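Report on one structure; see the data block that follows.
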Amino acid sequence: MVARRKVAVVGVALSDCGRVDDATPYALHAQAARRALADAGLDRSLVDGFASAGLGTLAPVEVAEYLGLRPAWVDSTSVGGSAWEVMAAHAADAIAAGHARVVLLAYGSTARADIRAGRRTGTLSFGSRGPLQFEAPYGHTLIAKYAMAARRHMTEYGTTIEQLAQVAVQARANAALNPEAMFRTPVTVDEVLAGPMIAEPFTKLHCCVRSDGGAAVLLAAEEYVRDCRTAPVWVLGTGEYVSHAAMSEWPDFTVSPAAVSGRLAFERAGVRPDEMDLAEIYDAFTYMTLVTLEDLGFCGKGEGGAFVEQGRLRVGGGELPVNTDGGGLSAQHPGMRGLFLLVEAVRQLRGEAGGDRQVRRGDGALPRLAVASGTGGWFCSSGTVVLGAG
């Protein structure tokens with residue numbers, strides 16, 4: 001029996017992000033992948049595993065071909081925005097078991113540019129087959145599903161719209177420290193509430209930005225770490241969970257699938273939520289951040305509103321810095337954003353965030369532990385990864 005190997009993230013990178021009108025999604029995949037390999041200092045020939053989703057008829061076969069890769073291990077688990085945490089978990093398991101040595105995860109999207117060029121509309125239909133056929137006649141959009149869940153939490157626990165707005169305010173405060181963020185101008189609670197209504201109770205600033213961009217993450221077996229130019233960030237524990245497809249099959253709108261994926265990840269890592277120095281949480285909408293904080297165990301169920309309203313999510317003084325790059329609400333959101341969470345968590349643990357955006361522990365030391373938790377669909381799936389600095 002082969003002993004299980006330790007697995008580390010050894011390279012991370014973003015492609016050009018924000019407003020990118022002159023690139024294809026394939027080009028953004030390649031740009032991010034090249035940068036991640038350069039970040040790690042590993043030769044491309046060592047990559048024998050590849051994971052991607054969201055592009056091509058035979059994803060990730062087409063993307064691998066575009067990148068010039070012939071992987072012996074492959075994954076294309078497509079569960080929305082959480083796909084990257086789920087595929088990172090699968091890749092870590094494959095490497096630990098000896099089925100791969102170095103796995104590349106890559107993503108690229110021109111969601112914003114496609115709309116500007118008329119290649120697609122603002123609302124991407126998920127179709128009306130299978131379970132969705134029973135909801136499609138009512139016409140509620142993806143945003144409306146999240147809005148309904150948020151309204152249920154407000155009704156059940158007294159969460160206020162001002163508390164939800166605080167998530168957007170603090171995300172923008174963190175984005176102000178990030179020169180690569182798409183929107184950096186500070187906003188107030190009143191400005192969030194005064195915006196145009198998108199899906200009650202969400203106004204515009206309760207919703208993520210729409211951007212172009214790509215990301216890549218390189219995972220490697222422990223024996224390759226010494227050959228890398230960067231300090232390793234170890235994969236300590238992972239968890240994944242699928243909750244529902246139809247809203248009628250979701251037992252409780254106030255509980256996300258992170259309640260299971262997070263518990264599994266922390267248990268397998270052998271750490272507690274209160275030991276985390278920072279958290280990167282999928283935030284297509286403000287309610288996602290709030291309910292995920294509860295379900296990961298950073299506060300009790302129904303206490304998310306009180307937890308976020310005291311500025312706890314801010315870099316530089318917040319009790320638990322969350323979405324330290326500004327998140328999907330302010331930095332960038334090109335679609336399936338889960339891979340960006342892993343990139344930012346790794347940069348923070350390596351001390352590479354720069355300036356006032358770099359998270360520090362109470363004694364001034366660099367952070368040691370981080371969690372990245374992605375959400376897919378309309379709270380349909382979750383993947384959680386706990387990372388530790390080398």
Side-chain angles (χ1 to χ4, degrees), residues 8-9 12 14 84-85 88 166-178 180-181 215 217 230-239 258 261-262 265-266 269-283 288-299 304 307-308 310-332 337-375 382-390:
V9 178
V12 297
L14 301 182
W84 306 102
E85 282 69 33
Q166 273 289 347
V167 175
V169 169
Q170 293 173 61
R172 184 62 64 86
N174 291 343
L177 306 175
N178 178 10
E180 296 181 343
V217 168
T230 56
V233 171
W234 301 100
V235 178
L236 303 182
T238 65
S261 70
F266 287 127
V271 297
R272 304 184 309 276
D274 61 11
E275 295 180 85
M276 296 299 106
D277 296 310
L278 62 117
E280 307 297 337
I281 294 174
Y282 207 98
D283 62 340
M288 296 176 76
T289 303
L290 185 146
V291 74
T292 305
L293 285 168
E294 293 180 350
D295 293 335
L296 290 179
F298 292 113
C299 58
F307 184 86
V308 303
Q310 301 301 322
R312 286 186 171 94
L313 315 186
R314 292 176 183 258
V315 176
E319 178 182 320
L320 177 71
V322 172
N323 296 337
T324 50
D325 61 347
L329 292 170
S330 287
Q332 78 289 109
R337 193 178 179 271
L339 200 53
F340 291 74
L341 310 181
L342 294 169
V343 171
E344 177 64 12
V346 169
R347 286 178 170 174
Q348 287 286 350
L349 291 174
R350 296 196 315 204
E352 297 172 352
D356 293 336
R357 189 163 70 88
Q358 179 60 57
V359 172
R360 299 276 177 179
R361 294 165 65 94
D363 59 1
L366 290 175
R368 301 292 300 169
L369 293 170
V371 60
S373 190
T375 302
S382 177
T384 303
V385 179
V386 177
L387 300 167

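Values in this document were obtained by computation on a predicted structure and should not be read as measured data.
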Applying side-chain contact (heavy atoms from CB on, under 4.5 Å) to Thr292 and not counting sequence neighbours gives Ser256, Ala258, Ile281, Leu296, Ser373, Thr375

Residues two or more places apart in sequence or in another chain: which of them pass salt bridge (Lys or Arg N to Asp or Glu O under 4.0 Å) with Arg172? none

Test applied, side-chain contact (heavy atoms from CB on, under 4.5 Å); reference residue, Glu85; option that passes from Leu339, Leu342, Thr384: Leu342

Shortest non-hydrogen contact from Ala372 to Leu341? CB-CB, 4.1 Å

Go through the structure and list residues passing side chain to side chain donor-acceptor pair (under 3.5 Å) with Glu180, not counting sequence neighbours. none

Is any side-chain heavy atom of Val385 closer than 4.5 Å to one of Leu387? yes

Side-chain touch Val343/Trp84, heavy atoms, less than 4.5 angstrom: no

Salt bridge or not for Glu275 and Arg272, using N-O below 4.0 Å? yes

Could you report the tightest heavy-atom contact between Ala8 and Pro232, atom names first, then the distance? CB-CB, 3.8 Å

Side chain to side chain donor-acceptor pair (under 3.5 Å) with Gln358: which of Glu352, Arg350, Gln348? Gln348

Student check: side-chain heavy atoms of Val308 and Val322 closer than 4.5 Å: no

Please lay out, stage by stage, how Val9 and Val235 fare under the test side chain to side chain contact (heavy atoms under 4.5 Å, CB included). CA-CA 7 Å; Val9 178; Val235 178; 4.3 Å; yes

Testing the basics here: between Pro273 and Phe298, what is the closest heavy-atom pair and its distance to 0.1 Å? O-CE2, 3.1 Å

In chain order, what residues pass the side-chain contact (heavy atoms from CB on, under 4.5 Å) check against Ala370, with sequence neighbours excluded? Leu278, Ala345, Leu349

Restricting to non-hydrogen atoms, name the atom on Leu14 and the atom on Ala215 that form the minimum distance, rounded to 0.1 Å. CD2-CB, 3.7 Å

Mind checking the CH2-CG spacing from Trp234 to Leu369? Nearest 0.5 Å is all I need. 14.5 Å

One pair to check against salt bridge (charged side-chain N to carboxylate O under 4.0 Å, His left out): Glu344 and Arg357. What are the steps and the verdict? CA-CA 11 Å; Glu344 177 64 12; Arg357 189 163 70 88; 2.5 Å; yes

Applying side-chain contact (heavy atoms from CB on, under 4.5 Å), can you list everything that pairs with Asn174, at least two apart in sequence or on another chain? Arg314, Val315

What's the verdict on side chain to side chain contact (heavy atoms under 4.5 Å, CB included) for Leu293 and Leu320, showing C-alpha distance, side-chain angles and the deciding distance? CA-CA 10 Å; Leu293 285 168; Leu320 177 71; 3.8 Å; yes

Contacts of Ala181 meeting side-chain contact (heavy atoms from CB on, under 4.5 Å) (sequence neighbours excluded), chain-then-number -> Ala175, Asn178, Arg184, Ala331

Could you name each residue pair satisfying side chain to side chain donor-acceptor pair (under 3.5 Å) that touches residues 361-371, not counting sequence neighbours? Asp277-Arg361

Show the nearest heavy-atom pair for residues Leu329 and Ala168, with the distance to one decimal. CD1-CA, 4.1 Å

Taking it one step at a time, do Leu290 and Phe307 satisfy side chain to side chain contact (heavy atoms under 4.5 Å, CB included)? CA-CA 8 Å; Leu290 185 146; Phe307 184 86; over 6 Å; no

Who passes ring pair (Phe, Tyr, Trp, His ring centres under 6.0 Å) against Tyr282, sequence neighbours left out? His333

Is there a donor-acceptor pair under 3.5 Å between the side chain of Asp283 and the backbone N or O of Gly328? yes

Salt bridge (Lys or Arg N to Asp or Glu O under 4.0 Å): pairs with one or both residues in residues 317-332, sequence neighbours excluded: Arg312-Glu319, Asp325-Arg337

With sequence neighbours left out, the residues meeting side chain to side chain donor-acceptor pair (under 3.5 Å) with Glu280 are Thr324

